[in-house]
Amino acid sequence: MARRNKNKLFTEIEVVDAGAKGKAIGKSPDGRVIFIDNAVPGDVADIQTTRKRKSYYQGTAVEFHKLSDKRTEPVCQHFGTCGGCKWQNMEYKFQLEYKQNEVVNNLQRLGKIELPEVTPILGSDEIYFYRNKMEFSFSDSRWLTIDEIQSGENIEDRNALGFHIPGMWDKILDIKKCHLQADPSNAIRNFTRDFATKNEITFFNTRNQEGLLRTLMIRTTSTGEIMVLIQFYAEDKVKRELLLNALSTEFPEITSLQYVINNKGNDTIYDQEVICFKGRDHIFEEMEGLKFKINAKSFYQTNSEQAYNLYKITREYADLKGDELVYDLYTGTGTIAQFVAKNAKKVIGVEAVPEAIKDARENAERNNIENTEFYVGDMRKVFTESFIAQHGKPDVIITDPPRDGMHKDVVAQILGIMPEKIVYVSCNSATQARDLSLMDEHYKVTKTRAVDMFPQTHHVENVVLLEKR
């Protein structure tokens, strides 16, 4: 017997908030929360549910009865299909408001943290074309629009170079113009796709694991340097050189042109050899006269301008006088460590990724910074009592962990040290709230400020200053 469809249609639902993962929020007649994909707070709409859980529904707005005054017209032709900039239909000032609310709610509701007066969120001057790194995927079976499907036409060109359709690992939306990375990013991507199609260089098929071209990565810096990396599934010297030479000729401004031959099941490059075809194998970013080397595998904040603002807030909160020993946990390539080093006696950076620490040491040497030391290893295994006994008890700890936050053993070690101040930088205020609650008995939050690194999305960074009670 056919399974009965339990999905419901709720009529004239008022959208009242924006929540986690960029979903809009309404309330159903039975009291459950509805997480809505394509609405803005202030809309009144009919919602077709797609999933039901014990305490909530997921759904999509299928008919609007009233449009919110918080709405604005999306600038991107791919909005609504791509899924990358879910808040393009909301005015930027309201995006900032909901981001700040999310941070405050997480710290107070999840962490039960008593907050000082909250400093207003720092918005981004550039709300489009702000990213310095983009990654695109090739596909020989691109996602077809509804109009294309309904046309009944036989569509022969199915090549795509763009983004995965949300929730579909094998479907790629072909992108004509992306509003996230400044020129010549769009020109490079469009030229690569068109040249490869014209010259019959095959695009990858994820299901069959065949085809030559896998991914395209473009990195740019505020100083105008450009890195382009093409990932090939197999070596075909003739076609590889044909494409790379064409890119080099068409875009002589490319600083670093590289490639990877990767025939494994996934397209991560961190365990692959990156080969420099032309130019340098790296590019440089600059900040307050400091130069940071970025290679194909380097982590660097993807919004350079806002990264600078984030680091300035971190330095301000640390309020170093020049005689402090600072530990920079999860230091990455040592950007924050070097940024605050001139104000400290010494900075010790710890990071799990060996390549990042190699970059950190090279950057410090290049910048003539002699009061930093960098160590590699799993944080909870490196950051131990013997490590502290060897290097000294820090006066200030700066920590910028990944989205999962700090391991409980790392939090326990911090509480064992009890530095005078902790500056906690986070890209996930929910896990930040969890960690702050573990330290709440001994530390008081005295300052907090959110920083918007990713306009048109729900993502937000937050900086907190903790001082001993």
Side-chain angles (χ1 to χ4, degrees), residues 1-92 94-95 97-99 101-102 105 139 141-153 155 160 162-176 178-179 430 454-459:
M1 187 172 68
R3 185 176 178 181
R4 190 172 62 179
N5 185 359
K6 295 183 179 180
N7 293 334
K8 298 182 179 183
L9 178 70
F10 296 124
T11 60
E12 297 192 37
I13 298 297
E14 182 181 3
V15 182
V16 296
D17 203 353
K21 298 183 180 179
K23 303 280 189 181
I25 296 174
K27 185 164 282 191
S28 69
D30 63 13
R32 290 181 175 92
V33 168
I34 314 172
F35 294 106
I36 308 163
D37 285 325
N38 58 336
V40 170
D43 286 342
V44 177
D46 295 345
I47 309 298
Q48 176 65 61
T49 64
T50 55
R51 181 173 294 180
K52 178 183 177 182
R53 290 293 182 262
K54 187 175 181 180
S55 60
Y56 67 89
Y57 295 96
Q58 291 182 5
T60 302
V62 292
E63 183 175 348
F64 291 92
H65 299 276
K66 175 189 171 186
L67 292 178
S68 171
D69 59 6
K70 297 179 174 64
R71 279 184 169 269
T72 190
E73 192 66 29
V75 302
C76 181
Q77 70 188 86
H78 305 293
F79 177 77
T81 307
C82 169
C85 301
K86 293 180 180 177
W87 280 5
Q88 259 195 45
N89 56 356
M90 191 192 310
E91 277 192 55
Y92 187 55
F94 297 115
Q95 294 181 30
E97 181 182 309
Y98 287 110
K99 291 185 186 196
N101 289 345
E102 180 186 7
N105 288 339
S139 174
S141 52
R142 70 175 172 85
W143 178 257
L144 298 179
T145 66
I146 293 175
D147 289 342
E148 286 177 317
I149 294 171
Q150 292 178 343
S151 72
E153 295 179 9
I155 299 172
F163 300 126
H164 285 268
I165 293 289
M168 296 187 181
W169 59 277
D170 64 334
K171 295 297 182 184
I172 302 297
L173 176 69
D174 191 47
I175 299 295
K176 303 300 183 186
C178 178
H179 287 74
F454 308 105
Q456 317 307 329
T457 80
H458 63 280
H459 298 290

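Keep in mind that what you see is a predicted model, and the values were worked out from it rather than measured. Hydrogens, waters and symmetry mates are skipped; everything else that's a heavy atom, side chains included, is used.
How far OG1 of Thr72 is from OH of Tyr92: 14.0 Å, rounded to the nearest 0.5 Å. Put simply, CG on Asp69 and CD on Glu91 are 8.0 Å apart, with the number rounded to the nearest 0.5 Å. Of the inter-residue distances, the one linking Glu102 atom CD with His459 atom NE2 reads 10.0 Å to the nearest 0.5 angstrom.
Using a 4.5 Å cut-off on side-chain heavy atoms (C-beta onward), Ile25 and Ile36 make no contact. With a 4.5 Å cut-off on side-chain heavy atoms, Phe163 and His78 do not count as touching. By the 4.5 Å heavy-atom criterion applied to side chains, Glu12 and Asp46 are counted as neighbours. Using a 4.5 Å heavy-atom threshold, the side chains of Asp17 and Tyr98 count as touching. Taking 4.5 Å as the limit, every side-chain heavy atom of Ile172 sits out of range of all side-chain heavy atoms of Arg142. Between Val62 and Leu9 the shortest side-chain heavy-atom distance falls below 4.5 Å. The side-chain heavy atoms of Ile34 and Lys27, taken from C-beta on, include no pair separated by under 4.5 Å. Side-chain contact between Ser68 and Phe94 is absent, with no heavy-atom pair separated by less than 4.5 Å.
Gln88 places no side-chain N or O within donor-acceptor distance of the main-chain N or O of Phe79, the cut-off being under 3.5 Å. Side chain of Lys99 to main chain of Thr457: a donor-acceptor pair is present (N/O by atom type, distance under 3.5 Å, no hydrogens or angles). Of the possible donor and acceptor atoms, none in the side chain of Trp87 sits under 3.5 Å from a partner among the backbone N and O of His458. Counting only distance, with no hydrogens or angles, the side chain of Thr50 and the backbone of Gln58 share a donor-acceptor pair below 3.5 Å.
Here the closest non-hydrogen pair linking Pro166 and Gly83 is CG-CA, 3.9 Å.
Relative to the ring axis of Phe35, Lys23 does not place its NZ or CZ within 45° and under 6.0 Å from the centre. Because its NZ or CZ atom is both nearer than 6.0 Å to the ring centre of Phe64 and within 45° of the ring axis, Arg71 counts as a cation-pi partner of that residue.
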